[in-house]
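Proteins come first, then strands; the chains are lettered A, B, ... in the order of their sequence lines, and each starts at number 1.
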Number of protein chains: 2
Amino acid sequence: MSRREKVSMSVIRRLPRYYRFLIHLKEKGVTRISSTELSTKLGLTASQIRQDLNCFGGFGQQGYGYIVSQLCDEIGNILGLSGKYPTILFGAGNLGRAIGTHMSFESEGFRLIGIFDNSPERIGMELANLKVRDVAGLEEFCKKEKPVMAIFCVPRTAAGELAEQLYNLGIRNFWNFSHYDLSMRYPDAIVENVHLNDSLMTLCYRISDQSAK
Amino acid sequence: MSRREKVSMSVIRRLPRYYRFLIHLKEKGVTRISSTELSTKLGLTASQIRQDLNCFGGFGQQGYGYIVSQLCDEIGNILGLSGKYPTILFGAGNLGRAIGTHMSFESEGFRLIGIFDNSPERIGMELANLKVRDVAGLEEFCKKEKPVMAIFCVPRTAAGELAEQLYNLGIRNFWNFSHYDLSMRYPDAIVENVHLNDSLMTLCYRISDQSAK
DNA sequence: TAGATTGTTAATCGATTAACAATC
DNA sequence: TAGATTGTTAATCGATTAACAATC
């Protein structure tokens, strides 16, 4: 993958969608696709798709289109899905358990190597082929295993202290389900927020707004 | 709340963030705040905050700023959080259980009235003060209880058939955790997608991109 | 009144769409 | 070659930021 200008988040957020759809096409045995076909299937413009892809290189052939399997691999590489970044998860409550088990970490560029909680009834629990550990042993664990990404499935109140500890241990990448504002506090960290409550409120707005018509 | 022009999604997606922060301020006993203060706390520009709020009305006072509790209430109303829309959840797997229990539906404009699954070992399970029902009884349930929103915590493969059934039963609002593309199939539906895998891939890209420097 | 801060208009910036020359 | 479709430049559209008059 060649050196590139900074690509905008709007583009980056569309890449997984392209990737998923191309996997789907590959499974169906489709070998070739044009930007126009892609655009109607995904509800975008052909122009946008070509612009997006050309942020990373010219993957198509004029007059022919794109080779599905090739484009799929290219996007997989761009996304860095072969990274297998060692990752630790915090919080073995309902959400933590869902994230720990539900996600197939092996296929998304991450590898779950540890789960932590601070509640006695959760420590020792089996989850996603791992034993839930006591947060007390975090520092030792990190020095040994060198995780690079942390998932926050803890309440907001617990997140602040935890974040500081992890930041001091050198972790800079976070998948954050808590409402603690990591990126405000640590501007050099890479933070991907999933705020389920916000998502739900947004939906609530749209429903209310619709029915007000 | 007065009649308004169509507000862009960019604005709408910031509203929950404002709302959460104002709740926080209210709890701390702060009574008054200016757009400038808000902007530094939230990492936005003061201009943007004023523009956003003025999509819905002039909630401030020149020379003074905004009254925290009043603005908080206004945004709560705009979001429609008092709606209490009756909602049904599909899928009592890990994610479904997390969503069903973890979210405090009562406070976000929705009210969970039913949980459905099709697997015998889940049907009858207790979850979020509800018994998991057999999908077979869905039609009857809907005709009686008139849910308006459906949450999809089912695999992609199950989503298509389910969506069609629900659409035919008149449901037009979806909180979709599956990778089935609801909005492509039903353009008049209001769909809020939460694609956890996409979120994770986006994070993967950013980490790879960062370390490539 | 003087100072502060909003509401709102104008300027800028960035993202999307359109157009078309290059080329397979 | 003729037809198709890309890669890329130019035009448009929308969102963010800046500026400032209104006014508390």
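- For the pair Phe59(A) CZ and dT8(D) P, the computed distance is 12 Å after rounding to whole Å.
- A salt bridge links Asp73(A) with Lys26(A); the closest basic N to acidic carboxylate O contact falls under 4.0 Å.
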Pair assignment for DNA chain D - dot-bracket with | for other-strand partners, Watson-Crick or G-U under 3.5 Å: ..||||||||||||||||||||||
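- Comment: Arg14(B) does not engage Asp198(A) in a salt bridge, judged by the lack of any side-chain N to carboxylate O separation of less than 4.0 angstrom.
- In this structure, Arg32(A) fails the cation-pi test against Tyr66(A), since its NZ or CZ atom is not both closer than 6.0 Å to the six-membered ring centre and inside 45 degrees of the ring normal.
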Cut-off 3.5 Å, no hydrogens considered: what does the side-chain donor-acceptor table look like for residues 157-174 of chain A, sequence neighbours left out?
from, atom 1, to, atom 2, distance (Å)
Tyr167(A), OH, Asp188(A), OD1, 2.8
Tyr167(A), OH, Asp188(A), OD2, 2.9
Asn168(A), ND2, Glu164(A), O, 3.2
Arg172(A), NE, Asp188(A), OD2, 3.3
Arg172(A), NH1, Tyr167(A), O, 2.9
Asn173(A), ND2, Val148(A), O, 3.1

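- The interatomic distance linking Tyr66(B) (OH) with dT5(C) (C1') rounds to 9 Å, in whole Å.
- A salt bridge does not link Lys84(B) to Glu108(B): none of the charged side-chain nitrogens sits closer than 4.0 Å to a carboxylate oxygen.
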Taking only distance into account, with no hydrogens and no angle test, what donor-acceptor pairs under 3.5 Å do side-chain atoms of residues 88-97 of chain B form with protein atoms, sequence neighbours excluded?
from, atom 1, to, atom 2, distance (Å)
Asn94(B), OD1, Arg97(B), NH2, 3.4
Asn94(B), ND2, Thr101(A), OG1, 2.9
Arg97(B), NH1, Ala92(B), O, 2.8

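- Using a 4.0 Å cut-off between charged nitrogen and carboxylate oxygen, Arg20(B) and Asp181(A) do not count as a salt-bridge pair.
- Using a 4.0 Å cutoff on non-hydrogen atoms, the parts of residues 23-42 of chain B near DNA chain C are Arg32(B), Ser34(B), Ser35(B), ordered by number.
- Judged by the 6.0 Å and 45° rule, Arg111(B) forms no cation-pi pair with Tyr85(B).
- For Tyr18(A), the ring pair (Phe, Tyr, Trp, His ring centres under 6.0 Å) criterion is met by no residue, not counting sequence neighbours.
- Each of Gly60(B) and Ser8(A) lies near DNA chain C, and the nucleotide nearest Gly60(B) is the one positioned closer to the 5' end.
- Inter-residue side-chain proximity for Tyr19(A) and Leu15(A) is flagged as unmet; no heavy-atom pair is nearer than 4.5 Å.
- Between the CD1 atom of Ile12(B) and the C1' atom of dA15(D) there is a distance of 14 Å, rounded to whole Å.
- Straight-line distance from the CD1 atom of Ile49(B) to the C1' atom of dG7(C): 14 Å, rounded to whole Å.
- In this structure, the CE atom of Met9(A) is 18 Å from the P atom of dA15(D), given to the nearest Å.
- Counting only heavy atoms from C-beta outward, the side chains of Phe56(B) and Val7(B) approach each other to under 4.5 Å.
- The distance from atom CG of Leu53(B) to atom C1' of dT8(C) is 14 Å, rounded to the nearest whole Å.
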For nucleotides 17-24 of chain D, read 5' to 3', which letter fits each nucleotide if B means a protein heavy atom sits under 4.0 Å from the base, S means only the sugar-phosphate is that close, and - means neither? BBBB-BBB
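- Here dA15(C) presents its P atom at 13 Å from CZ of Arg13(A), a figure rounded to the nearest Å.
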